[in-house]
Amino acid sequence: MTLEKENDSVSPSAENNKAKAWSGVFTEATDRRVECFTESISFDRRLYEQDIAGSIAHARMLADVGVLSAAEFAQIEDGLKQIGKEIASGDFKFQIELEDIHMHIESKLTARIGDAGRKLHTARSRNDQISTDLRLWVREAIDRIDGRLAMLQRAFVGRCDVDFDIIMPAYTHTQRAQPVLAPHYWLCYCEKFERDRERLADCRKRVNTLGLGAAALAGTSLPIDRRKTAESLGFERIAANSLDVSSDRDFVLEFAFCLVQIALHLSTWAEEWIWWSTSEFNFIRTPQAFCTGSSIMPQKVNPDVLELIRGKTGRVVGNLQSLIVLTKGLPLAYNRDLQEDKEPLFDSFDTVDASLELAAPLVAGAVLQREAIASRLDEGYLDATTLMEYLIQRGIPQRTAHGIVGRLVRAGMERGVPLAKLSLDVVQEIEPTLDASIFDILGAKNAVAAMQSYGSTAPDRVREQMDGWKSKLNARDER
Ligand code: ARG
């Protein structure tokens, strides 16, 4: 038995400080335990493509301004691309003595091409380098999550026509409240995920800022041209203060929060569908391919995917908490603490990415249990509020109407019948001014049809929402 986590792809080696780029001032070799404690290669190698792209753009700029020769740039670019291929194919050897992805790539490059490689880190520090790598990574991550949210929205919109005529109870306090059309539920989630997409787009604007050129914290005395670097990396802005670059992780926290909000929305949906798939509710059947069984109870078909989507929200929230506490009170500018930003960031992304990947086919494949839903639709006095509004339209003050309908509901409860099954005698005993016309608006179907104001659940209004969503999603497809 072992307690240690396995990390067989990062190999310890007997190399000493001579391998380290910063060893000049040191007279002692680094303690082995320190190397293990301070390394980030076990998780930041995930940034290798961003690191290589950033380095190529940086070197190209250095060549443009005459700090590197064209021949040196060509060697650097070739060498970096080669290293990228090796890492991708799994042929690259990682070793903790080299700390992080930046050191690995640079030292391999230097081993290959010599002095040109030793010039790559000109006018740059790992502080602006890691900031740039992370920004490139987060930018891509945002685009991936946005694409997944679009798929999920499409899955919800795709259900609307099939489920259009299904009326469902909607709840407050988990008590039956008012009837809505099933697509009203689906488009409610589209709205939530749309806000998530807007938040991501807004976050992306700030992510899309070039840090490189800030060097350690004070900028550089070398004649660099940050506009060129920004252009080749597709950054829309250039960070205006070098001290800010090396200390800023706002963009990581912002993205981590965007992911929290998505996870929270997913958890609400998951929770709802978990309840809906109980035999007590029996509103929905999720595809068996997205359920798992019990090792002891042969009859069980459990909604484990939904439960894990709900459950994994905890770690996404926890990761944001870690990042907030991590950055609280950190002095300017770079501090090694900041290395701890990556694992929570990656974990939140991986978790939400995987949840969204499963959510879309789950939504598309589920089947509403029409009969079961319809058979209990006259339970819970779902039409009571619409009746109250009908009385208001006949000139009765809202509070008075509320009281009248409350007494009618009580009469129904005592007799074990819905409002529509009360006799006119009983109704008029409670409120003599009422007549048989109230029966025209009772029942879930009439109640839904009455909800005509903008954003409400009447079929016409829901159709408008559906049309709006279809054209919105299609317009984005064409872009
Ligand atoms: N691995 C480091 C990080 O993730 C890279 C920056 C290191 N900078 C430094 N001055 N030690 O933050």
Side-chain angles (χ1 to χ4, degrees), residues 7 9-10 17 19-26 28-31 33-55 58 80 83 87 92 94-110 120-141 207 209-220 239 242-253 255-256 319 322-349:
N7 201 351
S9 50
V10 178
N17 263 358
K20 298 194 197 324
W22 41 256
S23 64
V25 75
F26 282 77
E28 287 178 22
T30 318
D31 190 301
R33 290 163 299 188
V34 172
E35 287 181 331
C36 295
F37 190 67
T38 57
E39 65 87 19
S40 56
I41 190 59
S42 57
F43 48 87
D44 70 9
R45 62 185 140 162
R46 178 162 186 174
L47 298 170
Y48 79 92
E49 288 178 289
Q50 289 76 14
D51 198 69
I52 286 171
S55 287
H58 181 67
L80 287 172
I83 291 169
I87 298 178
F92 193 93
F94 294 103
Q95 52 195 80
I96 60 169
E97 292 80 7
L98 288 174
E99 272 184 52
D100 56 28
I101 190 62
H102 323 298
M103 295 299 213
H104 273 83
I105 291 175
E106 188 190 320
S107 71
K108 175 65 88 187
L109 182 70
T110 300
L120 173 62
H121 212 53
T122 304
R124 182 175 86 171
S125 103
R126 279 186 292 164
N127 302 348
D128 56 341
Q129 188 177 358
I130 185 60
S131 154
T132 305
D133 291 5
L134 267 187
R135 285 174 182 277
L136 289 170
W137 189 90
V138 170
R139 192 173 70 182
E140 236 176 283
V207 169
T209 303
L210 175 78
L212 266 185
L217 59 87
T220 176
S242 59
L243 198 55
D244 185 30
V245 168
S246 32
S247 56
D248 171 26
R249 289 294 180 278
D250 301 8
F251 67 98
V252 174
L253 272 76
F255 180 48
N319 289 335
S322 299
L323 289 165
I324 291 170
V325 177
L326 175 68
T327 48
K328 182 204 168 285
L330 266 193
L332 301 178
Y334 179 80
N335 296 279
R336 191 64 175 270
D337 313 48
L338 292 175
Q339 179 168 293
E340 290 285 312
D341 63 356
K342 282 161 213 67
E343 287 167 291
L345 168 68
F346 293 158
D347 185 67
S348 286
F349 168 77

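Order of listing sets the numbers, starting from 1, for every ligand and every atom in it. Just so it is clear, the values below take in all heavy atoms, side chains as well, and ignore hydrogens, waters and symmetry mates.
Among Ile96, Asp100, Ile130, the one residue that satisfies the side chain to side chain contact (heavy atoms under 4.5 Å, CB included) test with Ser40 is Asp100.
Protein heavy atom at the shortest distance from atom 11 (N) of ligand 1 is Arg126 NH2, 3.5 Å. Among protein heavy atoms, atom 5 (C) of ligand 1 sits closest to Asp100 OD2, 3.6 Å. Nearest protein neighbour of atom 1 (N) of ligand 1, counting heavy atoms only, is Gln339 OE1, 2.8 Å. Of all protein heavy atoms, the one lying nearest to atom 4 (O) of ligand 1 is Lys342 NZ, 2.6 Å. For atom 12 (O) of ligand 1, the closest non-hydrogen atom of the protein is Tyr334 OH, 2.5 Å.
Taking every heavy atom of His102 and a limit of under 4.0 angstrom, the matching atoms of ligand 1 come to 5 (C). Proximity to Ser40 (heavy-atom distance under 4.0 Å) selects the following atoms of ligand 1: 1 (N).
Between the side chains of Thr220 and Arg124, no donor-acceptor pair of N or O atoms lies under 3.5 Å. Between the side chains of Asn319 and Ser348, at least one donor-acceptor pair of N or O atoms lies under 3.5 Å.
The aromatic rings of Phe255 and Trp137 stand perpendicular to each other, their planes meeting at an angle above 60°, with 30° marking the opposite boundary.
In summary, Asp248 and Arg135 engage in a salt bridge, as defined by a charged side-chain N under 4.0 Å from a carboxylate O. Between Arg249 and Glu340, no side-chain nitrogen of the basic residue sits less than 4.0 Å from a carboxylate oxygen of the acidic one, so the salt-bridge criterion is not met. We find that Glu99 and Arg336 are joined by a salt bridge, their nearest charged nitrogen and carboxylate oxygen being less than 4.0 Å apart.
The proximity of Glu99 to ligand 1, defined as any non-hydrogen pair under 4.0 Å, does not occur for either the backbone or the side chain. Residue-level proximity to ligand 1 for Asn127 is carried by the side chain, the only part with a heavy atom below 4.0 angstrom.
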